[in-house]
Structure formats: structure tokens, C-alpha cells
2 protein chains.
Amino acid sequence: MSTSDRLIESTRELLWERGYVGTSPKAIQQRADAGQGSMYHHFGGKQDLALAAIERTAQEMRATAAKSFDGGGSAYARIEAYLRRERDVLRGCPIGRLTMDPDVIASDALRAPVDDTIDWLREQLAGIAEEGKEQGEFAPSLDAEEIAATIVATVQGGYVLARASGSPAAFDAGVRGLLSLLAPAA
Amino acid sequence: MSTSDRLIESTRELLWERGYVGTSPKAIQQRADAGQGSMYHHFGGKQDLALAAIERTAQEMRATAAKSFDGGGSAYARIEAYLRRERDVLRGCPIGRLTMDPDVIASDALRAPVDDTIDWLREQLAGIAEEGKEQGEFAPSLDAEEIAATIVATVQGGYVLARASGSPAAFDAGVRGLLSLLAPAA
DNA sequence: GTCTATAAACGGATAGAC
DNA sequence: GTCTATCCGTTTATAGAC
């Protein structure tokens with residue numbers, strides 16, 4: 001792995017663990033085993049490096065989510081696959097957590113990939129929910145976009161519950177609750 | 001307002017806006033219009049002051065939530081009142097956001113009031129959901145604790161969606177989606 | 001109770017040598 | 001490309017005067 005790659009990976013980890021405000025260039029360099037000069041040679045500064053890291057994480061998240069969606073089966077089955085996919089629950093969502101970071105929200109450049117990713121996720125789920133309505137799995141009275149927002153929110157909020165309690169159990173409970181509400185009246 | 005009170009209020013605001021990691025004693029003092037010596041006279045340090053601030057915010061949050069729950073009406077109506085209550089959506093949840101703060105999660109003392117508050121919220125909602133089942137509003141197959149977790153998660157995650165997009169619309173969509181799933185088949 | 005002084009480490013870079 | 005030196009402000013206090 002190149003120095004540049006190591007710096008990006010090190011930044012990705014630190015952003016996930018400590019957020020943008022809690023991450024210093026020094027900590028990034030140490031974890032990447034790179035010197036000061038090295039970092040400033042490859043990147044313009046903390047923000048520039050963070051942007052590269054966030055974009056890579058966003059890309060990875062889309063790829064992972066897409067796998068759940070492409071699994072086939074009913075709309076309910078695909079939503080269930082997404083909700084139940086393996087997660088490192090206590091670490092939280094590497095993209096979602098950035099929304100609580102004041103410096104990320106204050107910067108259009110840093111917020112853009114976060115916004116795009118979450119938006120993409122909602123669109124994917126809205127498409128699936130719409131199919132579910134067409135197939136008669138979900139009531140016609142439901143709004144696919146709203147259901148998609150509820151699904152994404154349940155996941156993001158599930159991380160909050162889990163981290164508050166220090167256990168993944170609350171995340172799982174929230175997911176099961178949502179699935180029971182979505183379940184086609186078989 | 002006493003100096004001590006101003007320090008706590010100033011800390012509450014900063015914790016809400018910037019989190020624990022992003023808040024410095026200096027910023028607290030300036031906003032409270034208090035000197036260095038003043039702050040260290042009244043409090044043991046940053047963590048001690050943060051604890052006082054978090055406890056006050058937690059207390060306030062319980063009181064606000066309790067109002068929605070005590071409004072009377074059906075279980076669905078009380079849940080709806082809670083979900084639709086006025087919120088400063090783009091500011092996020094002053095308690096929930098702390099779960100993304102590494103130093104808060106690392107400290108049992110700081111995490112305790114956060115955990116307690118979210119736990120209390122889940123219990124309240126679980127009680128209401130249970131009543132709803134007894135009254136035939138909700139299907140007997142639903143698990144009240146799971147539904148409660150889903151409700152709290154939708155709210156917490158709604159803040160994430162809203163802050164990502166820079167608009168409260170996504171929060172509202174998530175709430176409407178959840179309400180449509182909960183709606184008694186009238 | 002509040003003020004000012006002091007301090008060692010960190011934050012986020014820039015400059016120039018190699 | 002990487003290294004070391006330097007820089008100015010901030011962080012999180014402690015000490016002691018008033």
C-alpha cells in the first residue's frame with residue numbers, strides 16, 4: 001500500500017472512531033506511519049485528506065448496500081436482507097456519524113458525499129418499496145419514499161440506541177420492530 | 001443567573017452544537033462571560049462541567065417527552081403526539097448526538113445519563129405500545145419493546161437524514177412513514 | 001469568587017534541506 | 001517524496017494574588 005493510501009486508510013479509521021473534529025493530522029500520520037512532510041506533500045491539509053477518506057468510505061458503503069439489494073426475492077426479502085446484514089453495530093455508521101460533526105456540516109465540500117450517499121440509499125429503498133406496492137406486498141396507501149426514509153432512519157437511529165446502551169441489542173430490537181410492521185399480512 | 005448557571009448553560013449549548021470533543025473550556029468561558037478562575041472554582045474541569053450540563057439537558061428532555069405522553073387519547077395518538085412534537089430538527093438531539101462522541105462513550109460517568117434517558121424513553125413508549133395492543137389498536141403479534149425501539153430509532157435517525165440533507169423534510173418523511181405503518185387499520 | 005500568570009503538550013500548518 | 005525545523009495559537013489545566 002502506498003503512503004498516500006495508508007494516509008487515506010488511517011484517516012478513514014480515525015474519522016469513524018473519533019469524527020472530523022476529534023481527528024488530528026498528527027494522529028493520522030502516526031497511524032499511517034508517515035511523516036509530516038509526507039502528508040502535506042500528498043494532500044493539501046486535513047480537510048483535503050478527510051474529503052478523500054470520506055469519498056472512499058461512501059463508495060464502499062454503496063457497494064456493500066448494493067449487494068443486499070441485488071440479492072433477489074420479494075421486496076420485503078430485499079429490505080430484510082439490507083436491515084439484517086452484518087454490521088459492526090457499536091462502531092456506528094461511518095457516514096451517518098459525520099452528520100453530527102460541526103465542521104463537516106459547515107463545509108459544503110465535506111457534507112456533499114455524505115448527503116449523496118444517504119440520498120442514494122433512500123432512492124434505492126424507495127424503488128424497492130415501490131415494487132413492493134406494485135406486487136401487492138405493501139398496502140397501496142403507503143408512500144414508498146416515506147417508507148424508505150423510515151428504513152434508513154431506523155438503521156441510523158439504531159446505532160444511536162446501541163452506542164448509548166453499549167450493546168447491539170437495541171439496534172436489533174429496532175430492526176425487528178420495523179420488520180414486523182412491514183411484514184406482508186401473509 | 002449565577003455564574004455557575006451561566007457556565008452550565010453555555011456548556012449545554014456548546015455540547016449540542018459541537019459535541020464534547022469539539023468544545024473547549026475557553027469557548028465555554030467566553031460564551032458564559034466568565035473567567036478561567038471562575039470556571040475552575042465552580043467545577044472540577046471540563047468533564048465535571050459537562051456532566052452537570054448533560055444531566056440538566058437529560059432532565060429537560062424527559063420533561064418535554066413526558067408532556068407528549070400525558071396528552072391523553074389512544075396509544076396511537078400519544079405516539080403521534082410524540083413523533084410530531086415540535087423540534088429543532090436541524091440541531092439534532094442534544095442527548096442522542098453525544099453517543100457519537102468518543103470521549104463520552106469512553107467515560108462511564110458521561111455515558112450514564114445518556115443511556116438512562118434513552119432507556120427511559122424506550123420504556124415509556126413500550127408501555128404505551130403495550131396499552132395499544134391491549135386496546136386492540138396494534139396487532140397482538142407486535143412486540144411492544146421492539147416497536148418502542150423502532151420509534152426512538154426513527155426519531156434519532158431522522159435527525160441524521162435531516163442534517164445530511166440540510167433540510168428537516170427527511171425527518172418528517174421518516175416520521176410519516178412510521179406513522180403510516182403503525183396506523184390502526186381503521 | 002474572580003483575576004492574572006505560567007506551563008507542557010497539541011493543532012494545523014509552512015519552509016526549506018536532502 | 002520524505003525529513004527536520006519552526007511557528008503561532010489553543011488546550012486544559014495549576015498557582016497564587018486580590
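Sequence lines set the chain letters: A, B, ... in the order given, protein chains first and strands last, and positions in each chain run from 1.
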H42(A) atom NE2 is separated from dG12(C) atom P, nearest whole Å, by 20 Å
Between atom CG in D33(B) and atom P in dG1(C), what is the gap in whole Å? 18 Å
If Ile, Leu, Val, Met, Phe, Trp and Tyr residues are connected whenever their side-chain heavy atoms lie under 4.5 Å apart, and connections chain through other members, are V89(A) and V104(B) in the same group? yes
Spacing of F43(A) atom CZ relative to dA13(C) atom P, expressed in whole Å: 14 Å
Listed pairs, N/O of protein and of nucleotides 12-16 of chain D, under 3.5 Å:
residue: dA13(D); atom: OP2; partner: K46(B); partner atom: N; Å: 3.4
residue: dA13(D); atom: O5'; partner: Y40(B); partner atom: OH; Å: 2.9
residue: dA13(D); atom: N7; partner: Q36(B); partner atom: NE2; Å: 3.3
residue: dA13(D); atom: N6; partner: Q36(B); partner atom: NE2; Å: 2.7

Note: contacts of residues 103-113 of chain B with DNA chain C (heavy atom, under 4.0 Å) are none
L181(A), L125(B): one ILVMFWY side-chain cluster at the under-4.5 Å cut-off? yes
Reckon H41(A) has a side-chain N or O less than 4.0 Å from the OP1 or OP2 of dC3(D)? no
Phosphate oxygens OP1/OP2 of dT2(D): is one of them under 4.0 Å from a side-chain N or O of T3(A)? yes
Distance (rounded to the nearest 0.5 Å) between E131(A) CD and R78(A) CZ: 4.5 Å
Pairs meeting criterion salt bridge (Lys or Arg N to Asp or Glu O under 4.0 Å) with involvement of residues 91-101 of chain B, two or more places apart: D88(B)-R91(B)
Name all residues meeting the salt bridge (Lys or Arg N to Asp or Glu O under 4.0 Å) criterion together with R6(A); count only those two or more places apart in sequence or in a different chain, and write none if there are none. none
E80(A): salt bridge (Lys or Arg N to Asp or Glu O under 4.0 Å) partners, not counting sequence neighbours: R84(A)
Are there over 12 heavy-atom neighbours, none belonging to E146(A), within less than 6.0 Å of that residue's CD? yes
Quick one: side chains of residues 32-46 of chain A, donor-acceptor pairs under 3.5 Å with protein atoms, not counting sequence neighbours, listed by atom name and distance.
residue: Q36(A); atom: OE1; partner: Q29(A); partner atom: NE2; Å: 3.1
residue: K46(A); atom: NZ; partner: Y20(A); partner atom: O; Å: 3.0
residue: K46(A); atom: NZ; partner: T23(A); partner atom: O; Å: 2.8

Rounding to an integer number of Å, can you tell me how far R18(A) CZ sits from dG11(C) C1'? 13 Å
